[in-house]
Every structure is written in structure tokens, then in C-alpha cells.
Amino acid sequence: MAEFLLVGTAVTNAVTNSVVQVQVEELLCSITIVPNELGDNLPIIQKASRTLNNKVLYHLKLKARLVRNAGGKPAPGHVLALKSSRPGDKLTVPPKTDDNGELVFTIDTREKGEAVITTTTEGVTLAEFRVTFKEAWYEEKFKITGYNVCDEADFSGALVAGTGLDEKHKEDFLFGAAGVPMQGTGKATDGRYIRLQSFEGGWHRNARGNRDYVNTQSSVTFAYADGVIGSFNPVSANHSIAVDPHVIPKKGKVHIESVGERWADDRGSAILGYHIDNFLGAGKAVVTAWLKGEVNGTQRRVKYLGE
């Protein structure tokens, strides 16, 4: 079967013996996406970039190739002006094509969705090239850790009252350094969650100088809660992570290598830069199981999936 190259289109004229003029440009341009270091065509979120208005900065590398219409030979040393259909996209294009008639250019954008790349260079034919921005790989790997909230079942203190609570609970759970005052939220034996409302008076310290229990129990107030409340959303085990929102947008969805899909529902004062803290649930048992795995403390690839 013969192969044909489309070099131009026109609308025919129905008038007998009329002439239809079709202008064929001198050069033909094609564009392809340059595969990233992971071997696919997704954009990269570069290490130095940070979120702005809760948006990541996508970085995509593409290659344009110019050939002559007559004979299909490369066209080196030519200027090629390219533009995106979206004004917020930044294209960085080298001055001229190389000896192979090629040039590698980049698009940097914070806008999700489809961009259409066209040329404004006279004498060049380029079919509209469409590229979609949504998923992207983080260039830098993330350190993965886990965090939990306390579970009253792990404590052994006497039952005492707490301001704001209608039931008594174990004293070390309510007022100890491993309990609600330190972790902010704890799961009671009846399945309800208890959240720290206010805490004044500071900590008592043991002989080694470590915090062991609150100085004044009456200065601590609590409230019952439906669950664990993160900085951006309610958090749940095997779903939520704490992140640095300058790196992963708040409420953003990611896929973590060897962990799975997670949502950025929380943040932590110690979670800075390329660090993800995976929410494990309540109690010591979930921490023990997590530490027996092969993920905690390791560096893992992360793909941004959007919101």
C-alpha cells in the first residue's frame, strides 16, 4: 500500500475550469515528549520548586524536529517560534535547530489541563500538538515515616475526670506525656476520640529532665470528637498523610512507592521538605506493625496525582 504525506488542505471550488491554489510550506515540524528519567512521558516536579497558591510547578521537556518538505531532510540552523494556547505556560525554546534539525524545549506551568502547542514561524507547518498536565513525578525522593494517635487501651492509670468529658478515663492517657496532651488526640476505650482543647501550666519533668505528666490537671481541657482532625481534613488510617504543603499541596493526592495512594490531609511541625508522615491509626500495635515493614525511614518515589 502506498504511503502519503499530508502537506496541505483546501476547499475546492465548484466553478468549472477554476483554479484552486494550495500553499505548501517549506518546512514541516513534528513534536514529541522527551521521556523522563523514569521512562514515561509525565512532567517532573523539580526539586527546587515549591507550591504557589496550592499548585505544583510542572516541568515538561519536549523535542521539535524540522524537516524540508521536499525530500524530508533535516533543517538545521532554523529559528522556530512556539507558543502555548494558555498564557500562563512558560516555554523555553533554544535559538535555532541543531545539525539534526532538532531542538529541545521545555514547558513550565502551574495550570492543570490541556495545552495546545503551535508555531508562529512563517514557512513552517505544524499540526496542533496537545499535552495534558495532571499527574507528575517528584524529582526528589521522599523520606517516609509513620505517626499515630494514642489508644487508651495501652494505658494503665486510675480512672479520673477530665474537664470537658462526661466519663472518667485513665489518668496517664489524659495527662501523661505519652497521652492526649502530647499527641493532641486519643482514642478512648469506648471507641470515641478525645481531642485536646487547651493546655496551660506546662509539664512536670522526671529526674532525667524528660516530660512525664502535666503540672496542673485542671489547666487541661478536652472535647469528644468524631475522629482525628488534621490540618486540612479529617484523617484516617491507610488514607491520610502529613506533608509540607510547600512541597505537596494541601488535600492533594499522591501515590507513594510501596505504600499506595494517600491524601495530604495533615501537616506537622517536623514534616519539612521531602518528608511524608503516613497516618497509621491509634495505638501501639499499628506502630509495631509499621516498624516491622520495609518502608519506614526509607526514601521512596512519589507521583503527584492532583486533587
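All values below come from the heavy atoms of this structure, side chains included, with hydrogens, waters and symmetry mates left out.
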Less than 4.5 Å apart, side chain to side chain, heavy atoms only: is that true for [X] and [Y]?
| X | Y | result |
| --- | --- | --- |
| Val254 | Ile241 | yes |
| Val104 | Pro94 | no |
| Trp263 | Asn233 | no |
| Lys303 | Glu135 | yes |
| Val243 | Arg267 | no |
| Ile229 | Thr185 | no |
| Val214 | Gln217 | yes |
| Val56 | Arg110 | no |

[atom1] of [X] to [atom2] of [Y]: how many Å apart, nearest 0.5 Å?
| X | Y | atom1 | atom2 | value |
| --- | --- | --- | --- | --- |
| Glu102 | Leu66 | CD | CG | 9.5 Å |
| Phe142 | Gln299 | CZ | CD | 10.0 Å |
| Asp277 | Lys143 | CG | NZ | 9.5 Å |
| Thr119 | Leu80 | OG1 | CG | 4.5 Å |
| Lys90 | Ile107 | NZ | CD1 | 12.5 Å |
| Glu139 | Leu38 | CD | CG | 10.0 Å |

- Query: What residue pairs, at least two apart or across chains, pass side-chain hydrogen bond (donor to acceptor under 3.5 Å, both in side chains) with a residue in residues 46-58?
  - Reply: Lys55-Glu111

Pairing residues for [X] by the ring pair (Phe, Tyr, Trp, His ring centres under 6.0 Å) criterion, not counting sequence neighbours:
| X | answer |
| --- | --- |
| His255 | none |
| His204 | Tyr213 |
| Phe232 | none |
| Phe105 | none |

Show the nearest heavy-atom pair for residues [X] and [Y], with the distance to one decimal.
| X | Y | answer |
| --- | --- | --- |
| Gly176 | Pro181 | O-CD, 3.8 Å |
| Ile31 | Phe129 | O-CE1, 3.1 Å |
| Leu42 | Asp40 | N-OD1, 3.1 Å |
| Asp212 | Arg205 | OD1-N, 3.9 Å |
| Tyr147 | Ala242 | CE2-CB, 4.0 Å |
| Gly101 | Pro74 | N-CB, 4.1 Å |

- Can you spot which of Ser231, Ser240, Ser236 makes a side-chain hydrogen bond (donor to acceptor under 3.5 Å, both in side chains) with Asp265? Ser240

Hey, any chance [X] and [Y] share a hydrophobic cluster, counting ILVMFWY side chains that come within less than 4.5 Å of each other, even indirectly?
| X | Y | value |
| --- | --- | --- |
| Val235 | Ile271 | no |
| Ile276 | Tyr274 | yes |
| Leu165 | Phe155 | yes |
| Phe133 | Val247 | yes |
| Met182 | Phe175 | yes |

Counting distance only, does the side-chain N/O of [X] pair as donor-acceptor with the main-chain N or O of [Y] below 3.5 Å?
| X | Y | result |
| --- | --- | --- |
| Asn69 | Leu27 | no |
| Thr97 | Ala75 | yes |
| Thr121 | Ala81 | yes |
| Asn206 | Asn210 | yes |
| Glu152 | Thr189 | yes |

Residues that, via side-chain heavy atoms closer than 4.5 angstrom, fall in one hydrophobic cluster with [X]:
| X | value |
| --- | --- |
| Val116 | none |
| Leu57 | none |
| Val79 | none |

- Task: Flag yes if more than 12 heavy atoms outside Lys112 fall under 6.0 Å of its NZ atom; otherwise flag no.
- Result: yes

- Task: Show your working on side-chain contact (heavy atoms from CB on, under 4.5 Å) between Lys96 and Leu103 and close with a plain yes or no.
- Result: CA-CA 7 Å; Lys96 294 182 179 180; Leu103 57 78; over 6 Å; no

- Hey, is Arg301 close enough to Glu37 for a salt bridge, meaning N to O under 4.0 Å? yes

- Does the side chain of Ser84 come under 3.5 Å of the side chain of Arg86 through a donor N or O and an acceptor N or O? no

Could you tabulate the donor-acceptor pairs under 3.5 Å formed by side-chain atoms of residues 218-228, not counting sequence neighbours?
{"unit_1": "Ser219", "atom_1": "OG", "unit_2": "Glu200", "atom_2": "O", "d": "2.2"}
{"unit_1": "Ser219", "atom_1": "OG", "unit_2": "Thr216", "atom_2": "O", "d": "2.7"}
{"unit_1": "Thr221", "atom_1": "OG1", "unit_2": "Ser198", "atom_2": "N", "d": "3.1"}
{"unit_1": "Thr221", "atom_1": "OG1", "unit_2": "Ser198", "atom_2": "OG", "d": "2.5"}
{"unit_1": "Tyr224", "atom_1": "OH", "unit_2": "Asp166", "atom_2": "N", "d": "3.4"}
{"unit_1": "Tyr224", "atom_1": "OH", "unit_2": "Asp166", "atom_2": "OD1", "d": "3.0"}
{"unit_1": "Tyr224", "atom_1": "OH", "unit_2": "Glu167", "atom_2": "N", "d": "3.3"}
{"unit_1": "Tyr224", "atom_1": "OH", "unit_2": "His169", "atom_2": "NE2", "d": "3.2"}
{"unit_1": "Tyr224", "atom_1": "OH", "unit_2": "Arg192", "atom_2": "NH2", "d": "3.4"}

- Test Asp172 against Ser156 for side-chain contact (heavy atoms from CB on, under 4.5 Å), laying out the working first. CA-CA 7 Å; Asp172 46 354; Ser156 58; 4.0 Å; yes

- Partners passing side-chain hydrogen bond (donor to acceptor under 3.5 Å, both in side chains) against Asp244 (at least two apart in sequence or in another chain): His246

- Message: Going by side-chain hydrogen bond (donor to acceptor under 3.5 Å, both in side chains), name the residues that satisfy it together with Glu128, two or more places apart in sequence or in a different chain.
- Response: Arg130

Please table the atom pairs, donor to acceptor, closer than 3.5 Å between any side-chain atom in residues 278-295 and protein atoms at least two apart or in another chain.
{"unit_1": "Asn278", "atom_1": "OD1", "unit_2": "Arg262", "atom_2": "NE", "d": "2.9"}
{"unit_1": "Thr288", "atom_1": "OG1", "unit_2": "Lys284", "atom_2": "O", "d": "3.1"}
{"unit_1": "Trp290", "atom_1": "NE1", "unit_2": "Asn296", "atom_2": "OD1", "d": "2.8"}

